[in-house]
Chemist: 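Let me begin by handing over the structure; questions about it come next.
In this text the structure is predicted, and so the values were computed from the model without any measurement.
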Amino acid sequence: MKLAGKLTSGLCSAAVALSAAAANVSAAEENDWKGIYKAFLYDELKLDDREGQSLAFSIFDIDANGTPELILSEGDVHLSQCRIYTVSHGELTLIEEEFGSSGVCFCLPAKHYLISTYIGMGAEIDSYFSLKGTKLSSVISFYNDEYAVKDSGIDYTIDDKKVTAEEYKNEYAKYFSADEICLGRTYPLSESSIKYAVTGYKSYKKAYGALLREVYADSEWGPAVFSLMDITGDKKPELFVRSGVTTDIYTFADGRVQYMRSEYLHMMNADSAEYSYGYSSGGKMLVMRAVSEKDSARSYTYLKYGRNGLTEQVHICCGYNADGEYVYEVNGKEVTEEEYEAALKKYSRIKFKYRTAKKMYSVEESEIKRMLS
């Protein structure tokens, strides 16, 4: 009995050891998602039947399980969709082959939702999904044809069930968020982007420099400028790149350039503005400010940094609308001047350290070398 007990004990110990070893191998395989994505993306680069296509990709941990998903876009035309992959049990796994439109889809980090949006012929479809393992599960789907040219009235449906306009808007308001992140075309697919976005660099300077040279050096929206400011507290600055009226924000973590979000500063009808960014380390609050003294327009966006990244708290602006009326807005809704001032006052006690226009640099080789060498 003692011998049998020893044998049983030995077998159990061996089984536990093997199980632990298998778990370690599995963990190692999962942690090698960089190598798996790298090999796959290089294979995509080698394909020679891409005429008329413009490959791009995003890397984002949609379900926050430690293994980011790969979103591959084959173009930015209306009918282009995304392929979504993850790494499961050490293998590249296709989650969805046709998702989104115009080469992009959207993610809501706080809810771990993926959103597929299609707009065409005056109709709009917004479908929300949650990612569970390697499967997408439908959450809710909205359809309306408000801008369709037809004799009958406007159709509103939720999960294919007809509803009134009021029911539609009330339910849609529960899901729509200013914190949606656009995925699919964060990085153009190239050997350079695979390096700075997937396998990584030891230095944030080299990584940011590679991104700026490839993505922003010849921006279609006009000359781009960049700024560096640490908002995560890891002693490595985040990269702010403004092109036109949109600012893209990146961080450097895990050796990679990681996209945080983009922010559009609505300036009413102002032709130009002075931009500045500020951060309060105590309140972990970011402010993005644009001011046009000439057109009497101001725009403030306040964002909070936390476990879900940068989440928008409020957007406040004033200026002349298309009808020539001077208006005040909070989160896109017209308000009185008193309500506008009250919204700003809530954040006036926070001490922000602004990065003025003097701390912004042109996306030119000389400036990139000066700041990121």
Side-chain angles (χ1 to χ4, degrees), residues 108-111 169-170 172-181 225-233 237-242 244-251 260-360:
L108 186 54
K111 298 287 188 179
K169 291 174 182 178
N170 287 341
Y172 187 77
K174 297 177 184 178
Y175 288 86
F176 175 78
S177 171
D179 294 324
E180 291 179 1
I181 293 176
V225 295
F226 70 95
S227 183
L228 300 164
M229 181 168 58
D230 180 15
I231 65 174
T232 61
E238 275 57 57
L239 173 68
F240 294 72
V241 190
R242 180 168 58 80
V245 294
T246 300
T247 298
D248 300 329
I249 307 172
Y250 302 87
T251 190
M260 297 184 78
R261 66 177 293 139
S262 295
E263 196 66 35
Y264 168 76
L265 286 177
H266 180 47
M267 282 300 294
M268 298 296 186
N269 287 295
D271 290 330
S272 61
E274 291 186 359
Y275 295 82
S276 58
Y277 313 125
Y279 187 67
S280 169
S281 57
K284 294 194 173 183
M285 184 75 69
L286 173 72
V287 60
M288 305 177 70
R289 183 180 69 168
V291 177
S292 174
E293 298 294 352
K294 174 185 174 184
D295 297 297
S296 300
R298 293 176 179 271
S299 176
Y300 303 85
T301 299
Y302 294 91
L303 303 106
K304 188 83 170 178
Y305 175 68
R307 63 185 183 87
N308 292 317
L310 282 170
T311 54
E312 185 173 308
Q313 301 297 293
V314 67
H315 174 69
I316 307 167
C317 63
C318 63
Y320 290 96
N321 64 16
D323 297 322
E325 302 170 324
Y326 197 82
V327 297
Y328 301 88
E329 292 184 358
V330 175
N331 290 334
K333 180 182 178 182
E334 191 171 328
V335 298
T336 65
E337 183 178 0
E338 291 75 19
E339 290 171 319
Y340 166 88
E341 294 292 347
L344 276 179
K345 188 176 180 180
K346 181 179 178 181
Y347 297 94
S348 62
R349 68 181 186 278
I350 302 174
K351 293 183 179 180
F352 292 101
K353 183 179 179 182
Y354 278 99
R355 295 289 180 136
T356 65
K358 292 181 180 179
K359 294 292 182 69
M360 293 183 187

Chemist: Output all residues satisfying side chain to side chain donor-acceptor pair (under 3.5 Å) with Asn321, sequence neighbours left out; order by chain, then residue number.
Modeler: Glu325

Chemist: Can you run down the salt bridge (Lys or Arg N to Asp or Glu O under 4.0 Å) pairs that involve residues 285-295, sequence neighbours left out, and say none if there aren't any?
Modeler: Glu293-Arg298

Chemist: Would you compute the distance between atom CG of Leu303 and atom CD1 of Ile249 and round it to the nearest 0.5 angstrom?
Modeler: 6.5 Å

Chemist: By salt bridge (Lys or Arg N to Asp or Glu O under 4.0 Å), which residues pair with Glu180, not counting sequence neighbours?
Modeler: none

Chemist: Sequence neighbours left out, what passes side chain to side chain contact (heavy atoms under 4.5 Å, CB included) with Val241? Give chain and number order.
Modeler: Leu212, Tyr216, Ala224, Phe226, Leu239, Tyr250

Chemist: Could you work out, with side chain to side chain donor-acceptor pair (under 3.5 Å) as the rule, every residue matching Ser299, not counting sequence neighbours?
Modeler: none

Chemist: Which heavy atom of Thr301 sits nearest to which heavy atom of Leu265, and what is that distance?
Modeler: OG1-CD2, 3.4 Å

Chemist: Identify each donor-acceptor pair in which a side-chain atom of residues 172-179 lies under 3.5 Å from a protein atom, sequence neighbours left out, and give them as a table.
Modeler:
unit_1, atom_1, unit_2, atom_2, d
Lys174, NZ, Glu171, OE1, 3.2
Ser177, OG, Asp179, N, 3.0
Asp179, OD1, Arg261, NH1, 3.0
Asp179, OD1, Glu312, N, 2.6

Chemist: List in chain and number order the residues that pass side chain to side chain contact (heavy atoms under 4.5 Å, CB included) with Thr232, two or more places apart in sequence or in another chain; answer none if no residue qualifies.
Modeler: Asp230, Asp234, Glu238, Thr251, Tyr305

Chemist: For Tyr326, what residues pass the ring pair (Phe, Tyr, Trp, His ring centres under 6.0 Å) criterion, not counting sequence neighbours?
Modeler: Tyr320, Tyr328

Chemist: Using distance only, find each side-chain donor-acceptor pair of residues 337-348 under 3.5 Å and give its atom names and separation, not counting sequence neighbours.
Modeler:
unit_1, atom_1, unit_2, atom_2, d
Glu339, OE1, Thr336, N, 2.9
Glu339, OE1, Thr336, OG1, 3.3
Ser348, OG, Lys345, O, 2.8

Chemist: Restricting to side chain to side chain contact (heavy atoms under 4.5 Å, CB included), what partner residues turn up for Ser262, sequence neighbours left out?
Modeler: Thr246, Asp248, Tyr259

Chemist: Restricting to non-hydrogen atoms, name the atom on Lys304 and the atom on Gly283 that form the minimum distance, rounded to 0.1 Å.
Modeler: NZ-O, 2.6 Å

Chemist: Evaluate side chain to side chain contact (heavy atoms under 4.5 Å, CB included) for Glu263 paired with Leu310, printing each intermediate quantity in order.
Modeler: CA-CA 10 Å; Glu263 196 66 35; Leu310 282 170; over 6 Å; no

Chemist: Locate the shortest heavy-atom distance separating Gly244 from Tyr275; write the atom from each residue and the value.
Modeler: O-OH, 4.2 Å

Chemist: Does Tyr302 have any side chain to side chain donor-acceptor pair (under 3.5 Å) partners at least two apart in sequence or in another chain, and if so, which?
Modeler: none

Chemist: Going from OG on Ser276 to CE on Met288, what distance comes out if it is rounded to the nearest 0.5 angstrom?
Modeler: 9.5 Å

Chemist: Determine whether Tyr277 and Thr247 satisfy the following criterion, side chain to side chain donor-acceptor pair (under 3.5 Å), listing intermediate values before the conclusion.
Modeler: CA-CA 10 Å; Tyr277 313 125; Thr247 298; 2.9 Å; yes

Chemist: Would you say that Leu286 contacts Met229 through its side chain, given a criterion of any heavy-atom pair below 4.5 Å between the two side chains?
Modeler: yes

Chemist: How long is the span from the OH atom in Tyr300 to the NE2 atom in His315, to the nearest 0.5 Å?
Modeler: 11.5 Å

Chemist: Quick one: pull up CG in Asn331 and CD1 in Ile316 and give me the separation to the nearest 0.5 Å.
Modeler: 8.0 Å

Chemist: Residues two or more places apart in sequence or in another chain: which of them pass side chain to side chain contact (heavy atoms under 4.5 Å, CB included) with Ala297?
Modeler: Met267, Ala270, Ser292

